[in-house]
Amino acid sequence: MKKRVFTCLLLVCVLLSTCLPGAAALNVAAPSWFIMDAQTGEELLSQDADTARVPASMTKVMTAYIIYQELEKGTITVDTPVWISANVASKSRDSNYPTAVPLTYGATYSVGTLLHLIMIPSASASCIAMAEHISGSEAAFVERMNQTARDLGVTATYYNCHGAQPNYVTARSQAILTKRFIDDYPQILEITSKAGYSFNGRYYANTNDLLVGSRGTYEGIDGFKTGTISAAGYCVTTTALREGRRVIAVVLRSTSDAQRFADARQLMDYGFEEIARRDAARAATTVSITSAPDSVRVYAPFTVSAQLGGFTDDYVASAQWYVNGNPVSGFGNSYFTATPGKVSTLTTSVDDLSRGTVDVSFVLTMFDGTQKRADLSIPIDQQPLTYDGSLNIRAAQVYPGKSLGVHAQITGQNGVASLSLPARWQWDGQDIAGAINPAFQVVNDQASSTYTVRIPADAQPGTHTISFILGSDSLSGVEPCVLTATVEVVSPDQAEQLPVEEPPVEEETPVEDEPTTEEQPPAGEA
């Protein structure tokens, strides 16, 4: 019996171990880390990635990004000479500002040279030289760094431009910044991929051990930046490209120089393995329409659902619903998490009877532009919407200086819960200013509107018409509803209410945004 129990337990352990993700095998010493698919921006795996920690010289990534912004704007070129101040010259020899790459007071060095010194041996004083050149002072430059972080959606707080003293950033945000840098200025990789740089007769090796280390280079590595001070521990951001797919890994506060690169190797390996799984899922994905009406009626909301299948690993793609080839606002997501069996539902309506069908599509677009889609054509019921209604008067007499309230009640039997239609009041066939509503709300086939006719004191006697019009001749799918009453202006001694045949009183549904409030008829008409 004991042997049987042991065998069962062993089998359970084996099954569990085969189900565990590759992350279970990771042995990362750093407390905070993040792995990103650089093409899609999706997180592949992370730990404590949203705690702000000291990045040390990884601060220089933001400094270099701003230098490239200036290169893009044309305010500087890689050949622009940068003058070295006494402040910079002094700090370039100060061991408190790693790495100490001596710069000569009063000399000039090109922007390209300083960029190499910043990104390869991590020369802090070279950052200050560029900060003074671009912003006039390091303090002003740091303000720009913090603003740029906000603009990019990066959670970071900078107090200096080099990282020799503490700044703060999260592992996730450092990855976001690195991805943005590579996306915007891929030429930075021409610098970060170099094994070293010669300056003033000395060769400076790249601080990235995955490029030049004794443990061997990492396949596909082409950057990015290290960072080390006592407050930070050992940090590194790395990126590599294999078969067209790029991984970015960020390590914060690892335990030693060797361990940060061991951490980074594990994270990069996991990243490429996870990308392969997700790309396989992308390739295997199927999209199908699972529910849709047999036909639709103009202005009547309808829903269509699409379901994903054919894969087992989650991934990120861009998703969008289309109607008649046009993207539907509010029904698209550039960072759509695809999961097995996931359902996406479109709720929309059509307002055009000129087409016999409405063409609906759900499209998943992968990072490389490939698409998975489902398409459906739904017949459109060609019967237009119709509305009836009445005014509270058929005819009336008024005299100058008096007012007459005219109320329109609209009803229908179209089965449309809510829609917006153009509506307007007219006096003698002319639209009344202030009494026009291009989006008059009809709810459950009912609506109402009131217009108060104010007769000017100097109005001349005569017969006029007042009308309420719902819809228009140019509006496809809705027959215009025109309600009209006769208004006769008489002198005060002739004023007498004509017999009025009033329509049956119906319960009114208040509707917001009625076309009008109290107004006068057009000048000269009454």
Side-chain angles (χ1 to χ4, degrees), residues 18-28 30 32-50 170-184 186 188-189 192-193 208 210-211 216-225 236-252 260-287 308-319 333-342 364-372:
T18 59
C19 295
L20 289 174
L26 292 178
N27 183 23
V28 178
S32 294
W33 46 267
F34 188 87
I35 317 171
M36 175 187 281
D37 180 334
Q39 273 95 348
T40 67
E42 65 191 298
E43 174 185 331
L44 300 175
L45 199 66
S46 70
Q47 176 176 290
D48 196 29
D50 297 308
T170 67
R172 184 188 306 276
S173 285
Q174 190 69 27
I176 291 170
L177 174 58
T178 303
K179 169 180 163 52
R180 183 63 181 267
F181 204 153
I182 295 170
D183 287 346
D184 291 351
I188 184 60
L189 296 172
T192 61
S193 61
N208 186 347
L210 299 186
L211 278 164
T217 61
Y218 187 85
E219 180 187 349
I221 190 76
D222 53 6
F224 203 71
K225 190 70 191 73
V236 66
T237 299
T238 55
T239 185
L241 184 70
R242 293 181 182 175
E243 298 180 354
R245 300 295 274 116
R246 179 176 293 282
V247 170
I248 295 171
V250 176
V251 173
L252 290 177
R260 66 174 160 188
F261 294 113
D263 290 349
R265 283 178 180 274
Q266 293 182 74
L267 299 182
M268 300 283 281
D269 285 345
Y270 179 87
F272 281 114
E273 292 170 3
E274 183 63 18
I275 279 179
R277 285 191 290 270
R278 298 189 187 196
D279 284 353
R282 290 180 174 93
T285 298
T286 60
V287 184
L308 310 184
F311 64 100
T312 57
D313 292 293
D314 298 357
Y315 63 87
V316 168
S318 174
N333 187 344
S334 61
Y335 198 84
F336 178 83
T337 301
T339 58
K342 187 170 185 174
L364 277 181
T365 302
M366 310 305 175
F367 71 95
D368 60 358
T370 59
Q371 292 185 338
K372 302 287 184 174

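Each residue takes its place number in the sequence, starting with 1.
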Smallest separation among heavy atoms of R242 and D269, with atom names: NH2-OD1, 4.2 Å

Sequence-distant partners of L211, side chain to side chain contact (heavy atoms under 4.5 Å, CB included), two or more places apart: N206, N208, I221

Results of salt bridge (Lys or Arg N to Asp or Glu O under 4.0 Å) for R278 - residues two or more places apart only: E42, E274

Atom pair CG/CD1 of L241 and I182 - distance to nearest 0.5 Å: 9.5 Å

For the student: nearest non-hydrogen atoms of A240 and E219, plus distance: CB-O, 3.9 Å

Minimum heavy-atom distance between A317 and L364, given as atom pair plus value: CB-CD2, 4.3 Å

With sequence neighbours excluded, residues passing side-chain hydrogen bond (donor to acceptor under 3.5 Å, both in side chains) with S334: none

Nearest heavy atoms of A175 and V250, plus distance in Å: N-CG2, 3.7 Å

Partner residues of Y218 under the ring pair (Phe, Tyr, Trp, His ring centres under 6.0 Å) criterion, sequence neighbours left out: none

Side chain to side chain contact (heavy atoms under 4.5 Å, CB included) involving A49 - partner list, sequence neighbours excluded: F34, S46, A171, R172

Side chains of D279 and Q39 in contact at under 4.5 Å (non-hydrogen atoms): no

Check: T192 and F181 side chains under 4.5 Å, non-hydrogen atoms: no

Residues forming a side-chain hydrogen bond (donor to acceptor under 3.5 Å, both in side chains) with T178, sequence neighbours excluded: none

Cation-pi check, K342 onto F336 ring (under 6.0 Å, within 45° of axis): yes

Partner set under side chain to side chain contact (heavy atoms under 4.5 Å, CB included) for K179, not counting sequence neighbours: M36, D183, I248

Pairwise side-chain contact, R246 with L189, heavy-atom cut-off 4.5 Å (strictly under): yes

Contacts of D37 that satisfy salt bridge (Lys or Arg N to Asp or Glu O under 4.0 Å) - sequence neighbours left out: R245

Results of side-chain hydrogen bond (donor to acceptor under 3.5 Å, both in side chains) for S193 - residues two or more places apart only: none

Residues which pass side-chain hydrogen bond (donor to acceptor under 3.5 Å, both in side chains) with D184, listed by chain and number, not counting sequence neighbours: Y65, R180

Reported OG1-to-CZ distance for the pair T239 and F224, which is rounded to 0.5 angstrom: 8.0 Å

Minimum heavy-atom distance T285-K372, with the two atoms named: O-CD, 3.3 Å

Test side chain to side chain contact (heavy atoms under 4.5 Å, CB included) applied to L26 and L45, step by step: CA-CA 11 Å; L26 292 178; L45 199 66; 3.7 Å; yes

Shortest non-hydrogen contact from T286 toward G310: OG1-N, 3.9 Å

Interatomic distance, L267 atom CG to R265 atom CZ [nearest 0.5 angstrom]: 12.0 Å

With sequence neighbours excluded, residues passing side chain to side chain contact (heavy atoms under 4.5 Å, CB included) with A264: L210, V236, T238, V251

Approximate separation, where rounding is to 0.5 Å, of L252 CG and D48 CG: 9.0 Å

Heavy-atom side-chain proximity of D263 to W33 below 4.5 angstrom: no

Modelled atom types, side-chain donor and acceptor of T40 and Y315, under 3.5 Å: no

